[in-house]
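The structure appears below as structure tokens.
This chain uses plain numbering: 1 for the first residue, then up along the sequence.
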Amino acid sequence: MIFSTYQFVLIFLPITFGGYFIFHHLKMHSCAKLWLVLASFYFYAQGSPDFFPFFLGSVVGNYLIGNMLSKLQGDNHRIERGILLAVGVLANCGLLGYYKYTDFFIMNFNRVTGMHYPLMHIILPIGISFFTFQLIAFLVDSFRGETKNYDVLDYLLFITFFPQLIVGPIIHHAEVVPQFENEANQRLIFDNVAMGLFIFSIGCAKKMMIADPLTTDAQSFYNHIEPGLPMLQSWFHSIEYTVSYYFDLSGYADMAIGLGWMFNIKIPQNFNSPYKAKDFQEYWQRWHMTLSRFLGNYIFRNVFRKGSKYRNYYVATMVTFFVSGFWHGAGWTFIVWGVVNGILVCIASWRNRKDKKTPVWLGVPLTFLLAVMTRILFVSTTFRESWQVFRGLVNFSSWNLPDVQLFLTENWYNIALTFVGLAICWFLPTTKTIAEKFKPNWKYLLYAAVLLIICICNMDKVVQFLYFQF
């Protein structure tokens, strides 16, 4: 089940929302939380029914280990705590590794040894990469003594709260559990509902009106990569894919944030106009910010040591982006994508430290161009495919006026939509900025209603969210 479907908008959301606040109104607060947990379980089971028992076991197991870690504080229990943390982290990584990386390791083992073990073709459970990070963060913080013995319902809501369960944003227990415990959030607040619907409508429009048609068109091109790709097509579809990725991911994040508002839960922002960035260091401070936060807190800070030659900023950055690349997908293209991004961030950091900052007029288009180049690597299935696209970018011999005219005539709508998307990225305020000016009046209501009506009328042809594959 995804947000931009009739099943979710017209059935699941009203029932879940109504039941949650009815229980709170009757002062049955534990029942309200349990209702939301069960609804979230149902929401997840609709997407990965076969994996659901393992998901449930993982959530419960991490809760038990986390609580034991919280209780065993002090030097007297150092060994026990270390063993528990290792068991918990390895169990999480093992589950993720089995489902996401088994075929990757079999394929590379066969390549190195000359063996021919068959691939297992394991179906990747939705959201496993995201909730695994949240569970690991919970265990590490429990080990550090930064958590408390959470009530089981509060813990379950932190992990399973359906708006963020599948594709994030990656939330932290310290920022969401207190919100569920806060009595002020246990009543229906109409202003928050209005705000939530407003933000949800923007996210839904991003997804359905911009991302979906662009993604469908770009994927069609990338699914048929052949030698001798025309220059114009290679450039356009690569830019088109880059634009669609932003609107798909940020649209989902907006919808999740909007849904959170409806339940009086503030979910952290995930995007801040990344294509306005002047360099790649700033780009990754604006793109998928909750993922960057997790990687910074739990990977970078564990590698970086100030004053250490071998654990300095650049080494820690490269390790972090290597992990990021491997996390994104089971393939060498993802790993190389992560390494390339790490190099670009290091270059930007070095230039900033030397006060060699690139001016905005040059930095923004250059950073976007590099984002397009790295996106080619990200969306290509193999290095051979990405190489063919890169060659297509400089295939000047394919440039002739009749073909250009034909391409523009046949693809005018997607071309116009891509330019509209770029204009929104570069010149319009973010959803957060728009929401900060929100007032529950008829103007904002009309704006949200128009967007929602347009989206609802087109929910019969929804495209799956791109990050469901991760």
Side-chain angles (χ1 to χ4, degrees), residues 1-14 17 43 46-47 126-127 162-169 194-222 237 239-262 267 269-271 273-275 288 379 411-425 428-432 434-435 444-470:
M1 190 191 311
I2 60 177
F3 297 156
S4 50
T5 60
Y6 294 123
Q7 181 186 4
F8 179 85
V9 172
L10 302 180
I11 301 175
F12 176 83
L13 181 58
F17 177 84
F43 176 83
Q46 292 300 297
I126 60 174
F162 71 88
Q164 56 79 43
L165 176 59
I166 305 301
V167 190
M195 171 73 87
L197 287 172
F198 176 70
I199 297 175
F200 182 86
S201 68
I202 294 176
C204 200
K206 282 184 177 181
K207 162 68 177 168
M208 299 189 64
M209 296 170 65
I210 300 179
D212 283 358
L214 295 185
T215 298
T216 301
D217 190 49
Q219 284 180 337
S220 178
F221 172 80
Y222 271 85
H237 292 300
I239 294 173
E240 181 184 42
Y241 223 152
T242 304
V243 174
S244 78
Y245 249 88
Y246 168 71
F247 280 96
D248 191 273
L249 273 62
S250 68
Y252 187 98
D254 286 347
M255 283 190 273
I257 292 168
L259 291 168
W261 270 99
M262 294 173 65
I267 295 175
Q269 295 293 320
N270 220 18
F271 293 88
S273 296
Y275 295 151
H288 213 317
V379 299
N411 296 274
W412 68 269
Y413 179 77
N414 283 329
I415 292 172
L417 193 59
T418 300
F419 277 103
V420 169
L422 287 173
I424 293 173
C425 291
L428 294 186
T430 63
T431 302
K432 180 182 178 181
I434 296 172
Y444 285 96
L445 176 63
L446 179 62
Y447 179 80
V450 169
L451 292 180
L452 282 176
I453 290 171
I454 293 173
C455 291
I456 289 174
C457 290
N458 289 278
M459 283 184 178
D460 58 328
K461 49 186 176 182
V462 156
V463 177
Q464 192 177 64
F465 287 95
L466 289 169
Y467 255 52
F468 273 15
Q469 62 188 301
F470 303 110

How far does [atom1] of [X] sit from [atom2] of [Y], to the nearest 0.5 angstrom?
X	Y	atom1	atom2	value
Ile11	Leu13	CD1	CG	11.5 Å
Ile126	Gln46	CD1	CD	9.5 Å
Gln219	Ser244	CD	OG	7.5 Å
Cys204	Leu451	SG	CG	8.5 Å
Asp212	Phe247	CG	CZ	12.5 Å
Glu240	Ile415	CD	CD1	9.0 Å

Residues in side-chain contact (heavy atoms from CB on, under 4.5 Å) contact with [X], at least two apart in sequence or another chain:
X	value
Val420	Ile424
Ile454	Met209, Val450, Asn458
Thr431	Ile199, Ile202, Lys206, Asp254

Treating [X] as the side-chain partner and [Y] as the backbone partner, does any N or O pair qualify as donor plus acceptor under 3.5 Å?
X	Y	answer
Tyr6	Ile456	yes
Tyr222	His237	no
Thr216	Pro213	no

Any idea how [X] and [Y] line up, ring-wise: parallel (<30°), tilted (30 to 60°), or perpendicular (>60°)?
X	Y	result
Phe3	Phe8	tilted
Phe198	Tyr447	tilted
Phe43	Phe12	tilted

Which pair of non-hydrogen atoms, one from [X] and one from [Y], has the smallest distance, and what is that distance?
X	Y	result
Lys207	Met255	CB-CE, 3.9 Å
Leu214	Val243	CD1-CG1, 3.9 Å
Asp248	Ala211	N-CB, 3.5 Å
Ala448	Leu197	CB-O, 4.3 Å
Ile267	Gly260	CD1-CA, 4.1 Å
Pro163	Ala256	O-CB, 3.2 Å

Distance flag, aromatic centroids of Tyr241 and Phe221, threshold under 6.0 Å: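 Here the rings of Tyr241 and Phe221 have centres that are no less than 6.0 Å from each other.
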
Side chains of Asn270 and Tyr252 in contact at under 4.5 Å (non-hydrogen atoms):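 Asn270 does not reach Tyr252 side chain to side chain.
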
